[in-house]
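Have a look at the structure below before the remarks.
Whatever order the structure lists them in is the order used to number ligands and atoms, beginning at 1.
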Amino acid sequence: MNLSNRRILLIDDTPSIHDDYRKILTPPQDLNPDLVLLEAKLFGAEATVEATLFELCSAYSGQQGLHHVQQGIADQRPFALAFVDMRMPQGWDGVETIEHLWREDPRLQVVICTAYTDYSWDDLLTRLDSRDRLLILKKPFDNVEVLQLACALTSKWEMTERADLKMQDLETRVEQRTFEFKRASQALQVETDERKQLEGQLVQSEKLASLGQLAAGIAHEINNPIGFISSNLCTLDKYFCKLQEVLEAYKAVESEIVSPLIVQELRALKERLDLTFIQEEIPLMIQESRDGVERAAQIVKDLKEFSRIDSSPLWQRASLQRGIDSTLNIVANEVKYKADVIKDFQLLPDIECLPAHLNQVIMNLVVNAAQAIGPERGTITLRNGVLGESVWLEVSDTGAGIAPDILQRIFDPFFTTKPVGEGSGLGLSLSYGIIQNHRGQISVQSTLGSGTTFRIELPIHQSHQS
Ligand SMILES: Nc1ncnc2c1ncn2[C@@H]1O[C@H](COP(=O)(O)OP(=O)(O)OP(=O)(O)O)[C@@H](O)[C@H]1O
Ligand SMILES: [Mg+2]
């Protein structure tokens, strides 16, 4: 880029001065060999006549000078230097003129020409407040002095301009680098977040896998004793019925006993042993034990389901919608006293799945939603839809919500906030396992005090399922 600027503005109210400057600064080339020589001497061997040529513009008042400066800027041909006469009786004096010029173009180099001490040097500097662009030329001046000032100050303008451009260039580059750096750090942040999420998922699935093995082992171990306890209780019940028969038969013949002593002894024995109570209590105890064993068996079944040890399920194309409807029917009793169920359903394509497993997930979510709703009636909303190659289902409730510090743990096996006997804490971990097995996703969003939304996404096709 050519930054050379040899435009000089002369502001002086005396016309003859303009001729003097013109002779010095724009000499006809062949007429001024002396000046060429002089310049060569002053500025080195390379100096040529051409190099000293200036474009001189004349103004005879401050206002006129300002007009030229404005025009120069508008034409993108600013002046590099202005010679300004100090004393101009008509209009602005030199100092005022310079103030105006700099307001218009702060880059302009200025030489103030004076024969008088209208201002002290200090006053002048205080008023113009710019020592680095201002020089004083005392009249009467020397030609060489003028030429030297013109050369030096136009070069200075050019160098300042070059430095400014460099600075701008540097600033742009710094901005660009900062921008790139920011972008890189944002990308890094995204990557870190993704990694954290993946790590979380990995931890979750590892936890589930090892707990699955543990659960499978426990389920297997407990299943046998549960089996014989259950069958023994059944037999015990039958045997006790037989004993009852015998006791009843004895009772029937009791009145036939003639010895009052024996009758008394028997009555005392019965009272001591509290036979009537025992007879009533034993069947109840057996029934309670059978209920207990049944519950234990159910938990073992859940554990087995959780670890999928004995599942040989069939993958099939099925309607998730049908699953949702039938599950809602099954849990209707549990839900109807607590909440209104709103269904916002779209038409879904059939998906490749294990329908019974998915039903279990839906049931868990709906029952959890109902359980989260307090004594006041709430709402459970079910929405579904298709997203690309997946279908999704959301179960929202207006229940208690989940505190942020336990949100991380709700998918953990056996994590429950429900009273003992009410929740085993397996519902969500089971659901998580089932959704993972379907290569889907389950997520949760909750606001404490206002409600929770669980969302599952399931691929329509299971390409690599074994
Ligand atoms: N919709 C919900 N609103 C509020 N809390 C919930 C909701 N769903 C689950 N939770 C919380 O997550 C915990 C774990 O849920 P999960 O279904 O695994 O077990 P549970 O419901 O406690 O017991 P289970 O399902 O085995 O009967 C719950 O105890 C409850 O604190
Ligand atoms: Mg549950």
Pairing of D169 and R173 as salt bridge, 4.0 angstrom limit: yes

May I ask you to identify the nearest protein heavy atom to atom 1 (N) of ligand 1, giving residue, atom name and distance to one decimal place in Å? D397 OD2, 2.9 Å

If you count heavy atoms of other groups shown closer than 6.0 angstrom to CD of Q264, is the number above 12? no

Testing the basics here: between I410 and F454, what is the closest heavy-atom pair and its distance to 0.1 Å? CD1-CZ, 3.8 Å

Nearest non-hydrogen contact with atom 6 (C) of ligand 1 belongs to which option: I402, T452, N368? I402

Applying a heavy-atom cut-off of 4.0 Å, say which part of V367 lies close to ligand 1: side chain, backbone, both or neither. neither

So which atom in R317 and which in D350 form the shortest heavy-atom distance, rounded to 0.1 Å? NH2-O, 3.1 Å

May I ask you to identify the nearest protein heavy atom to atom 30 (C) of ligand 1, giving residue, atom name and distance to one decimal place in Å? T417 OG1, 3.4 Å

Looking at W315 and N437, what are the two nearest heavy atoms and their distance? CH2-O, 3.7 Å

I460 and P349: which non-hydrogen atoms are nearest, and at how many Å? CD1-CG, 3.8 Å

Heavy atom of the protein closest to atom 13 (C) of ligand 1 (residue, atom name, distance): F415 O, 3.9 Å

Could you list the atoms of ligand 1 found under 4.0 angstrom from a heavy atom of A372? 2 (C), 3 (N), 4 (C)

Heavy-atom contacts with G401 under 4.0 Å: which atoms of ligand 1 show up? List them by number with element. 4 (C)

State, without any angle test, whether Q168 and D164 hold a side-chain donor-acceptor pair at a distance under 3.5 Å. no

Is the closest heavy atom of G425 to ligand 1 under 4.0 Å? yes

What protein heavy atom lies closest to atom 26 (O) of ligand 1? Include the residue and the distance to one decimal. S424 OG, 2.6 Å

Please name the pair of heavy atoms, one in V395 and one in A369, separated by the smallest distance, quoted to 0.1 Å. CG1-CB, 4.3 Å

Nitrogen or oxygen of I406 less than 3.5 angstrom from that of ligand 1: no

Check each heavy atom of F411 against ligand 1 and say whether those closer than 4.0 Å belong to the side chain, the backbone, both or neither. neither

Against I380, only a single residue in I373, N368, V331, T398 fulfils side-chain contact (heavy atoms from CB on, under 4.5 Å); can you say which? I373

Which of the ligand 1 atoms, numbered from 1, are nearer than 4.0 Å to a heavy atom of T416: 20 (P), 22 (O), 29 (O)

Output yes when the distance from some N or O of ligand 1 to some N or O of F454 is under 3.5 Å, and no in every other case. no

Hey, what's the ring geometry for W92 with H100, parallel, tilted or perpendicular (30° and 60° as the breaks)? parallel

For the residue pair N364 and S431, what are the closest heavy atoms and their distance? ND2-OG, 3.1 Å

Does K343, at its NZ atom, have more than 12 non-hydrogen atoms belonging to other residues, nucleotides or ligands within less than 6.0 Å? no

Any N or O of S429 that comes nearer than 3.5 Å to an N or O of ligand 1? no

What protein heavy atom sits nearest atom 20 (P) of ligand 1, and how far off is it? K418 NZ, 3.7 Å

Closest protein heavy atom to atom 15 (O) of ligand 1, given as residue, atom name and distance to 0.1 Å: L428 CD1, 3.6 Å

Return yes when atom CZ of R103 has more than 12 non-hydrogen atoms of other residues, nucleotides or ligands closer than 6.0 Å, and no otherwise. yes

Under 2.8 Å from the Mg ion (ligand 2), how many protein N/O/S atoms do you get? Just the number, please. 1

Under-4.0 Å salt bridge between R290 and E294: no

For I410, atoms of ligand 1 separated by under 4.0 Å from a heavy atom: 11 (C), 12 (O), 14 (C), 18 (O)

